[in-house]
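Each remark here refers to the structure printed beneath this line.
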Amino acid sequence: MANFVFFEEQFRGGYRDTLQENVEAFVNQAGPEVTISVDDAQGEKTRESFFQRIGGTVNEMDPSGTGDATIQELGEGQRDVPHVTRRVGPFEVRDIELERRQMNSQQYSAVLGEQVAEDTQEDYVNTLVKGMVGACGSESGLTVEHNPDTGDTSLEKLDYQALVDGLAAFGDAGSKIGTFVMHSKPFYDLMGDAINQAGTDVPGATIYEGTVGTLNRDAIVIDNDALVDGEEFRTLALRDGALQLEELFAPGMSTETDVTGQAGPATRMAGIQGQKVDVRGFSYDGPNHPSDAELVDTANWNHVMSSIKNSPGVIIKTI
């Protein structure tokens with residue numbers, strides 16, 4: 001077989017088909033709370049302008065009054081949405097290995113594209129979760145510590161009361177919360193609470209159906225390290241439009257062929273890809289092209305809306 005030739009078209013075909021399938025499956029489960037799409041924004045960040053909500057535009061009036069009314073103005077705000085850069089690879093394949101596997105260059109390129117797409121989907125979700133944890137963690141009103149025993153400051157396991165407390169933190173906007181994102185550990189704690197509460201209609205029916213009742217909200221279970229802080233767990237309660245990730249550019253692969261060395265000809269491949277991470281109601285004020293640690297850092301986020309109800313949701317802390 002001749003020296004390996006990387007086929008960009010086959011790689012992108014495997015990448016796009018697999019990524020689209022996985023993204024559609026995830027978005028269909030997540031509902032309107034999480035969106036993933038493609039954009040062509042350039043630069044280090046995306047800066048957006050918006051009008052602040054005035055509030056109190058309609059007031060009581062005394063028809064016989066002669067005093068001056070308070071002038072109201074429509075204020076403008078702005079926020080920055082971070083661009084995240086990812087490295088793809090590097091990979092190496094030797095011609096003799098393809099011969100042993102009876103694969104040609106096109107087949108290898110397609111398989112590689114499919115695997116990169118699966119890891120990209122996982123990275124999309126991980127990145128969004130990290131952004132939410134960093135942003136909402138910067139606002140005390142968006143974090144609920146589940147501690148039902150007022151005489152003890154230690155956290156308790158996730159149960160139905162914890163979910164209710166999370167919704168209550170959003171006040172009269174609690175009905176906007178449509179999805180919970182949680183680690184598998186608190187998920188199974190909640191399942192245990194459902195069994196303990198089997199005498200009620202909703203938990204009993206839910207257990208019968210083989211799932212966990214989450215107050216008629218969707219649940220996404222993902223073992224993401226951003227949901228774990230030592231022995232504590234973070235469950236995210238998301239409202240509509242909470243998290244948006246846009247692919248800025250798909251991974252374009254660069255190749256280098258090495259025909260020297262005793263192991264025979266080898267080809268190395270590597271690429272980069274970019275994402276825009278948008279957390280509702282927050283501006284990212286940290287370094288350009290943030291790392292995962294910088295996304296989680298609460299000091300890098302600032303809530304710029306007039307009400308915390310115009311935010312992605314609430315973080316529920318448990319053990």
Side-chain angles (χ1 to χ4, degrees), residues 26-37 48 50 53 79 81-82 124-147 155 158-187 189-190 212-229 232-246 276-284 295-298 300-318:
F26 176 79
V27 170
N28 287 338
Q29 180 185 4
E33 288 73 32
V34 181
T35 60
I36 299 174
S37 59
E48 299 179 350
F50 60 92
R53 178 173 175 79
R79 66 191 189 99
V81 179
Y124 282 174
V125 179
N126 290 342
T127 302
L128 286 171
V129 169
K130 288 177 170 62
M132 166 112 181
V133 168
C136 288
S138 67
E139 283 287 318
S140 59
L142 296 178
T143 299
V144 174
E145 296 187 351
H146 183 46
N147 178 25
L155 298 176
L158 184 70
D159 56 19
Y160 283 98
Q161 186 59 52
L163 299 185
V164 172
D165 291 343
L167 298 180
F170 236 43
D172 58 4
S175 61
K176 295 183 181 296
I177 300 294
T179 297
F180 291 108
V181 179
M182 64 187 72
H183 190 277
S184 61
K185 193 272 183 188
F187 174 80
D189 289 338
L190 186 65
V212 174
T214 50
L215 308 181
N216 292 324
R217 273 79 175 176
D218 294 330
I220 299 175
V221 181
I222 175 174
D223 288 340
N224 185 300
D225 58 4
L227 297 177
V228 185
D229 183 12
E232 297 180 4
F233 292 86
R234 303 180 179 103
T235 294
L236 312 182
L238 305 181
R239 64 160 294 167
D240 56 297
L243 304 172
Q244 300 181 53
L245 185 143
E246 296 184 2
K276 184 170 73 172
V277 185
D278 190 347
V279 181
R280 180 180 182 133
F282 281 87
S283 177
Y284 176 80
L295 282 177
V296 177
D297 189 349
T298 59
N300 292 330
W301 295 91
N302 180 35
H303 189 253
V304 295
M305 298 299 180
S306 57
S307 170
I308 63 170
K309 297 174 185 178
N310 196 357
S311 64
V314 179
I315 296 176
I316 305 171
K317 286 188 175 183
T318 59

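The analysis underlying the following values was restricted to heavy atoms, covering all of them including side chains, and did not include hydrogens, waters or symmetry mates. What you see is a predicted model, and the numbers here were worked out from it, not measured in a lab.
- Scanning all heavy atoms of the two residues, the minimum distance from V81 to V277 falls at CG1-O, 3.1 Å.
- Going from atom CD of E232 over to atom CG of L155 covers 5.0 Å, rounded to the nearest 0.5 Å.
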Would you give me the side-chain donor-acceptor pairs under 3.5 Å for residues 235-244, sequence neighbours excluded?
from: R239; atom 1: NH1; to: K309; atom 2: O; distance (Å): 2.9

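- Heavy-atom neighbours of K176 NZ from other residues, nucleotides or ligands within 6.0 Å: at or below the threshold of 12.
- At distances below 3.5 Å, at least one donor-acceptor pair connects side-chain atoms of S138 with backbone N or O atoms of A135.
- P186 and T318 get closest at one heavy-atom pair: CB-OG1, 4.3 Å.
- The shortest distance between side-chain heavy atoms of T179 and R217 does not fall below 4.5 Å.
- How far NE2 of H183 is from CG of D225: 9.0 Å, rounded to the nearest 0.5 Å.
- Taking CG of L190 as the start and CG of D159 as the end, the distance is 7.5 Å to the nearest 0.5 Å.
- Taking the side chain as every heavy atom from C-beta outward, E246 and D278 never approach each other to under 4.5 Å.
- Separating the CG atom in D189 from the NE2 atom in H146 is a distance of 10.0 Å, to the nearest 0.5 Å.
- For the pair V144 and A169, the tightest heavy-atom approach, listed with the atom from each and the gap, is CG2-CB, 3.6 Å.
- Aromatic ring orientation, Y284 versus W301: perpendicular (interplanar angle above 60°, classes split at 30° and 60°).
- Closest non-hydrogen pair, G166 versus V314, comes out as O-CG2, 3.7 Å.
- With hydrogens and angles ignored, the 3.5 Å screen pairs a side-chain donor or acceptor of H303 with a backbone N or O of N310.
- Put simply, CZ on F233 and CD1 on I316 are 14.5 Å apart, with the number rounded to the nearest 0.5 Å.
- A side chain to side chain contact (heavy atoms under 4.5 Å, CB included) with V279 holds for exactly one of P82, S311, P312; it is P312.
- The shortest non-hydrogen separation linking L167 to L215 is CD1-CD1, 3.9 Å.
- A distance of 10.0 Å separates CG of N224 from CG of L128, quoted to the nearest 0.5 Å.
- Side-chain N/O atoms of N302 and S283 include no donor and acceptor closer than 3.5 Å.
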Test log, rule side-chain contact (heavy atoms from CB on, under 4.5 Å), inputs L158 and F180: CA-CA 12 Å; L158 184 70; F180 291 108; over 6 Å; no
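- I222 is listed as a side-chain neighbour of V181, based on a closest heavy-atom distance under 4.5 Å.
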Audit row: F187, T214, side-chain contact (heavy atoms from CB on, under 4.5 Å) steps and yes/no: CA-CA 10 Å; F187 174 80; T214 50; 5.9 Å; no
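- When all heavy atoms are compared, the tightest approach of G313 to I177 is CA-CD1, 4.2 Å.
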